[in-house]
Amino acid sequence: MLANRQRYQKSRGVCGSALVLPARLSLWLALTMGLVACAGAEKPVLVAGDGAAAAKEGAGASPDPRMGGAVQVASLQGYVPPRHATSSGDTIQVVPPPPARKFVIDAREAMQKKQWALLDQFVPAAKADPQLGVYAEYWSLRRRLQDPTLPVADEAIARFMQENAGTHLADRLKGDWIVAAVRAGDYALPARLGPPANMNAAESCSMIMAQHMSGQRVKALDAIDAFQPNTACWTMLDQLADSKVLARKDLEQLLRATLETNKAANAQRMAAIMFDGAGMVQYAAIMKNPRKWLEGRKPPRTNTEVELTTIALSRLAYGDKRDQNAAYIEQHWSKALPKDNLHWVWSQFGLVAALNVDLKAAEWYRRSGNTRLTDYNHAWQVRAELRQPRIDWDWVAKAIRRMSSRQAAEPVWVYWYARALAAQGNKAAATQYYQSIAGELNFYGQLAGEELGITPALPPAPMPVTRAELAEARANPGLQRAIALFDLGWRPEAVPEWNFALRGMSDRQLLAAAELARAEHIYDRVVNTSLQTKQEVDFSQRFIAPFEGRVTEKARQINLDPAWVYGLIRQESRFIIDARSRVGASGLMQLMPATARWVARKIGMKDFNPASVNDFDTNTVLGTNYLRMVLNDLNGSEVLATAGYNAGPGRPVQWRSKLAAPVEGAIFAETIPFTETRLYVKNVMSNATYYAMMFTGKPQSLKERLGTIAPAPRKKVDLP
């Protein structure tokens, strides 16, 4: 059965209704002919991208895609086949998919069910599909590369890459081939092939492994930067450690960084590279009960004993006895370890406390002295200081200076370093740092501009995309394949296909590709594509506001700021109506099933059906009402409500209750202990400020929107 990507439609006429796709091809073709007739009756139009007047249908003009209007399309089981513009660039011609498309669909189903023999049978017939036929063969070849028990079909892979040179699938297959070759001990092949255009961590580690095993010099820093916890990278790390490319200090750095993430399995795997069998017995005992392991133990003498003792002491930071454990360390171990090791131990007390929004975190961190920590740890050292009732800006500046140059250059740390310089009286240097990021269209770029006294304004609009530019985008084979994949609802294949097609595009080509995505109602690609432009910035794309004002209508009905709601949806789903998260949240406003049912009961939605959560009206009614409830429960603070919408309304109540004094909204946002929620809040608030400027045409202050968050006693929250 053909699936489809959800697309927003203005009306649901007979021709726009979903029709069930029959299994037999003859009936399928017959229905397709009926589709073309429907398309003629609907007269869908694509408005020219150069701002020319839209073709008129009856008394009303078709909506302009640049303003978020919808293009009416016919559908078969919700399936919208590829469309091609006529020579005028104005009219959409509905083109039925090739008969072989069904074999591609069947091949994917066989691949997902691991019916490999059946998949191989579909490959020849699927090849007749000129757009997507290569996918069936790719799935078959990829399976042979990923299964180490099967012989590698070198000739077939080489032929596929030659026949499909320059495509996303050829690049993916190259990466898979490199990983398989290194796994099998063929270290020459990666050098012959060269790296893929878009390397993932497994491919990067395989390339480094191949270089090392071929006798080429490999830098420890490159291996550390490439490492991610996957099979290829663990193999690389094992080999480089055994060959002494990675020194003990390198392994110590990796193990400590892994321990800081509190991912026990990864830490144990890393420890196994660093310690021998006897050491691993001790490591296991430490992770089970560090205090018990430490009791009665003499000061360490060997390097292994020093590191194991350091790890054991660091584990005392966990749990609810930090103060007692700290006193124990001071009394028994303060002189038993090298100073840098003890400093790292205190940094772990600071880190764990900071992640629990404990104000004592800054005190622990200050005990770590000037020791260089991981970037992750230095980031939390800064955040711990920012939550203090009286910020020690000198410590903020010192922590940022000890970060790697790469991390210190990120806008977040440039901004807070400038704030530290300004607080220390160095206004001139602070101004330089603010100026370095004030032009960036993000949370900290906005705040830096306000610190400089710059009146917030939208960037000038670029020249509209021309018909010729849009036609060039529509003719791009990679974008065509991606659209066909989106039409089938195959987002895992469609998104990388689209992104690969954007490589090397100029600003004008990117704007045209984004405009094509708008015409196709693939709104997340509108935003993500337009975000890649460097000089020409089109806010009507980056901050698209689709659905013809219906989101605004829903927001205003319950007295919500439409700009904030749009900012939240942009972050939640990028306007994908059928978006679904890994934890089961659905639709534009990403509602969990239990939350949707609860809100429906609260507002008296009589016809609520869990299956309708992805429906535009149902999702936005439930989502905006829930957001209104969260906002009411959190004293009207958009910062707190945004955090509550993402992490659950009880969490910001808890974080706020641990404040000792009022803090800037920016500080509260930056010190949220959940990475996802921290980034989410900053993005939503930044988005909302830009949408407000677009909707009102007036300057808007992000600082004012963030406001101030005051401490308040923890209370029971009656919201899901």
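Computed from heavy atoms alone, side chains included, the values below leave out hydrogens, waters and symmetry copies.
Evaluated for a ring pair (Phe, Tyr, Trp, His ring centres under 6.0 Å) with Y523, the options F543, F486, F547, Y566 yield exactly one hit, F547.
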- Query: Checking side-chain hydrogen bond (donor to acceptor under 3.5 Å, both in side chains) for the pair E572/Y680: CA distance, chi angles, key distance, verdict?
  - Reply: CA-CA 8 Å; E572 282 285 358; Y680 176 89; 2.7 Å; yes

- Evaluation steps, salt bridge (Lys or Arg N to Asp or Glu O under 4.0 Å), between K102 and D106: CA-CA 6 Å; K102 187 177 187 307; D106 291 341; 3.1 Å; yes

- Let me see the working for E493 and R108 under salt bridge (Lys or Arg N to Asp or Glu O under 4.0 Å), right down to the final yes or no. CA-CA 11 Å; E493 291 86 1; R108 185 174 187 261; 3.1 Å; yes

- Message: Is there a side-chain contact (heavy atoms from CB on, under 4.5 Å) between V621 and I603? Walk through the geometry before answering.
- Response: CA-CA 10 Å; V621 167; I603 66 174; 3.8 Å; yes

- Check step by step if side-chain contact (heavy atoms from CB on, under 4.5 Å) holds for M629 and W598. CA-CA 12 Å; M629 294 173 191; W598 186 88; 3.5 Å; yes

- Item | Step-by-step side-chain hydrogen bond (donor to acceptor under 3.5 Å, both in side chains) determination, W655 to T671 | CA-CA 9 Å; W655 301 331; T671 59; over 6 Å; no

- Show your reasoning for whether salt bridge (Lys or Arg N to Asp or Glu O under 4.0 Å) applies to R582 and E676. CA-CA 13 Å; R582 66 183 186 280; E676 177 188 317; 3.5 Å; yes

- Take E515 and R518 through the salt bridge (Lys or Arg N to Asp or Glu O under 4.0 Å) test and state the conclusion after the steps. CA-CA 5 Å; E515 212 55 54; R518 191 202 303 262; 2.6 Å; yes

- Message: Applying side-chain hydrogen bond (donor to acceptor under 3.5 Å, both in side chains) to D615 and S612, what does each step give before you reach the verdict?
- Response: CA-CA 5 Å; D615 174 75; S612 68; over 6 Å; no

- Could you give me the CA-CA distance, side-chain angles and deciding distance for E109 and Q115, then say whether side-chain contact (heavy atoms from CB on, under 4.5 Å) is met? CA-CA 8 Å; E109 183 177 356; Q115 297 172 330; 5.8 Å; no

- Message: The test is side-chain contact (heavy atoms from CB on, under 4.5 Å); show your working for R142 and M111 and say whether it passes.
- Response: CA-CA 10 Å; R142 182 186 64 180; M111 179 267 295; 3.7 Å; yes

- Which is it for S140 and R143 under the side-chain hydrogen bond (donor to acceptor under 3.5 Å, both in side chains) test, yes or no, and what are the steps along the way? CA-CA 5 Å; S140 176; R143 181 250 174 169; over 6 Å; no

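The existence of a salt bridge linking D578 and R491 is excluded, since no basic side-chain nitrogen approaches an acidic carboxylate oxygen closer than 4.0 Å. Salt bridge R705/D561: present, at least one basic N to carboxylate O contact under 4.0 Å.
By the side chain to side chain contact (heavy atoms under 4.5 Å, CB included) test, N619 pairs with L588, M589, L591, V613, sequence neighbours left out. Applying the side-chain hydrogen bond (donor to acceptor under 3.5 Å, both in side chains) rule to S530 yields the partners Q541; only residues at least two apart in sequence or on another chain are considered.
Expressed to the nearest 0.5 Å, how far CG of L470 lies from CG of L516 amounts to 6.0 Å. Atom CG of N687 is separated from atom OG1 of T642 by 10.0 Å, given to the nearest 0.5 angstrom. For the atom pair R678 CZ and E670 CD, the distance stands at 6.0 Å (nearest 0.5 Å). In this structure, T624 OG1 and Q557 CD are separated by 8.0 Å, a value rounded to the nearest 0.5 Å.
Relative ring orientation between Y645 and Y626 is described as tilted, the plane-to-plane angle lying within the 30° to 60° band. Using bins of under 30°, 30° to 60° and over 60° for the plane-to-plane angle, the ring pair Y135/W139 lands in the tilted bin.
K602 NZ: 12 or fewer foreign heavy atoms inside a 6.0 Å radius. The local environment of CD in Q112 is crowded, with over 12 non-hydrogen atoms from other residues, nucleotides or ligands closer than 6.0 Å. Within a 6.0 Å radius of CZ in R172, more than 12 heavy atoms belonging to other residues, nucleotides or ligands are found.
Between R503 and H168, every side-chain heavy-atom pair lies at or beyond the 4.5 Å cut-off.
Under a 3.5 Å cut-off, the side chain of R101 and the backbone N or O of P97 do not form any donor-acceptor pair. Side chain of Q571 to backbone of L568: no donor-acceptor contact under 3.5 angstrom is found.
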